[in-house]
Amino acid sequence: TGVRRVLFRSEGGSANQVWVEKYDRELEDIFELQDDITQKVAGALGHELRRAEYQRALSKPTESLGAWEAYHRGLFRLFKRTPKSNEEARELFELAIEHDPSFAAPYGGIARVLATSWVFGEPANRTEAIVYGRKAVDLDERDEFTHIALGIAYWLTKLDPDAALRAFEEARKINPNDAQIYHGIGGALISLGRAEEAVEPIEQAMWLSPADAMNRLFYGRMASAKLFLGDYEDSIEWGKRAIIKGVNWIEWASVIAALSHARLMDEAFRVRDELEEFRPGASIALIVERFPVNDPDYLNVL
């Protein structure tokens, strides 16, 4: 005999149903079901609360910006993941620091801006990203965001993927229900040549927060894992999902490599042309230099 539970969230003050999840378990798995629901609610609420903070900050007039509002405006732009939005995000994070130099999170935000700029192929000071990430952790080591930022700085800049993994694990100790932490763990494992181990945490990220503003990155990371595992069909599928969501040139590179290894050369050339239009000058040398992977065998796959 099985049991099904439907979990849903409604808008306060209305009967509008905005989130639904289904769980299928055998009756003897009822405690596992309870654990799953608890973790899912915690992960989803984290995403919903962040989104609410973005909207609240965006509704404030510029002249009323305080450190908190400036920080969340910066996050909103950071998550757009374009060179222009990155510049705007850094300005807002710096404004937040001007309002409150002891506020840890905007230092982490700048670390993420610099690390992301590096991946974009833009001029960026990689060591400065680490400095800002460490500053964030030093100011508030109890906030998982600061550890996430430090992990991203170490991982995306390729300076120390082992340190990145340690930082993400520290973040997980603080909040085991944050999807971005599992995404970072998966990315660091891929960078270290451990793609097989990376699949589970990336799946966990997607399961925890399917509507996350960053889920397009989860798709791109799964595309990378599948590429390095030789599962080209899955890599192509995940990579195309990431591209549709509009991520960055790294995801195009994953798809092109998977298509080439699958001997689908006409499509590989077509996607390469799309990449050239999206990111002019994205050469093989640039891809190998900036693709967030340190393992030499994996780099040869590109």
Side-chain angles (χ1 to χ4, degrees), residues 67 70-71 74-75 77-79 81-83 85-98 100-175 178 180-194 198 201 214 217 220-221 224 248-250 286-296 298-299:
Y71 164 65
L75 275 187
R77 285 160 176 78
L78 175 68
F79 290 163
R81 293 181 65 82
T82 69
S85 67
N86 250 15
E87 291 177 11
E88 295 169 346
R90 178 162 188 172
E91 291 173 2
L92 286 159
F93 292 139
E94 288 174 344
L95 178 59
I97 292 170
E98 287 179 21
D100 183 358
S102 66
F103 185 19
Y107 293 95
I110 294 175
R112 293 180 68 160
V113 165
L114 291 167
T116 305
S117 294
W118 167 261
V119 173
F120 286 161
E122 301 291 322
N125 188 325
R126 292 191 291 167
T127 56
E128 189 181 13
I130 306 302
V131 170
Y132 273 98
R134 286 176 174 164
K135 175 72 170 179
V137 172
D138 289 342
L139 284 170
D140 190 354
E141 62 181 9
R142 298 169 300 174
D143 182 356
E144 73 268 17
F145 180 86
T146 63
H147 294 281
I148 293 171
L150 180 59
I152 287 173
Y154 276 124
W155 164 42
L156 292 187
T157 62
K158 305 175 67 167
L159 288 175
D160 194 339
D162 284 302
L165 188 58
R166 290 194 297 270
F168 291 129
E169 291 292 356
E170 285 299 317
R172 180 159 62 171
K173 291 176 186 176
I174 299 167
N175 182 3
D178 191 315
Q180 292 183 36
I181 294 170
Y182 291 93
H183 166 245
I185 290 171
L189 287 169
I190 293 170
S191 186
L192 290 164
R194 298 160 61 183
M214 305 294 280
L217 301 181
R221 213 56 54 222
S224 297
N248 61 66
W249 62 272
I250 289 293
L286 179 67
I287 290 170
V288 170
E289 179 190 31
R290 302 293 175 102
F291 201 100
V293 165
N294 289 57
D295 184 84
Y298 285 3
L299 288 174

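Residues: numbered from 1 along the sequence shown.
Scanning for ring-ring contact (aromatic ring centres under 6.0 Å, His included) contacts around F291 gives an empty result, with sequence neighbours left out. In this view, Y132 satisfies the ring-ring contact (aromatic ring centres under 6.0 Å, His included) rule with no residue, not counting sequence neighbours.
With respect to R172 and E169, a salt bridge is recorded, a charged nitrogen being found less than 4.0 Å from a carboxylate O.
We find the CG-CD distance between N175 and Q180 to be 10.5 Å, quoted to the nearest 0.5 Å. Remark: Y107 OH to D140 CG distance equals 12.5 Å, nearest 0.5 Å. To the nearest 0.5 Å, atoms CZ (R126) and CG (L159) are separated by 4.5 Å.
Put simply, the side chain of L150 does not reach to within 4.5 Å of the side chain of T146, judged on heavy atoms. Side-chain atoms of R112 and F79, non-hydrogen and from C-beta on, do get closer than 4.5 Å to each other. Two residues are said to be in side-chain contact when any heavy atoms from C-beta on lie closer than 4.5 Å; L78 and V113 meet this criterion. The shortest distance between side-chain heavy atoms of L192 and D295 does not fall below 4.5 Å. Two residues are said to be in side-chain contact when any heavy atoms from C-beta on lie closer than 4.5 Å; F168 and I152 meet this criterion.
S117 and N86 form a side-chain donor-acceptor contact under 3.5 Å, judged by distance and modelled atom types alone.
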Under 3.5 Å, side-chain donor or acceptor atoms of residues 89-96 against the rest of the protein: list the pairs with distances, not counting sequence neighbours.
from, atom 1, to, atom 2, distance (Å)
R90, NE, E94, OE2, 2.9
R90, NH2, E128, OE2, 3.3

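Around atom CZ of R134, no more than 12 heavy atoms belonging to other residues, nucleotides or ligands sit under 6.0 Å away. Heavy atoms of other residues, nucleotides or ligands lying less than 6.0 angstrom from CD of E289 number more than 12.
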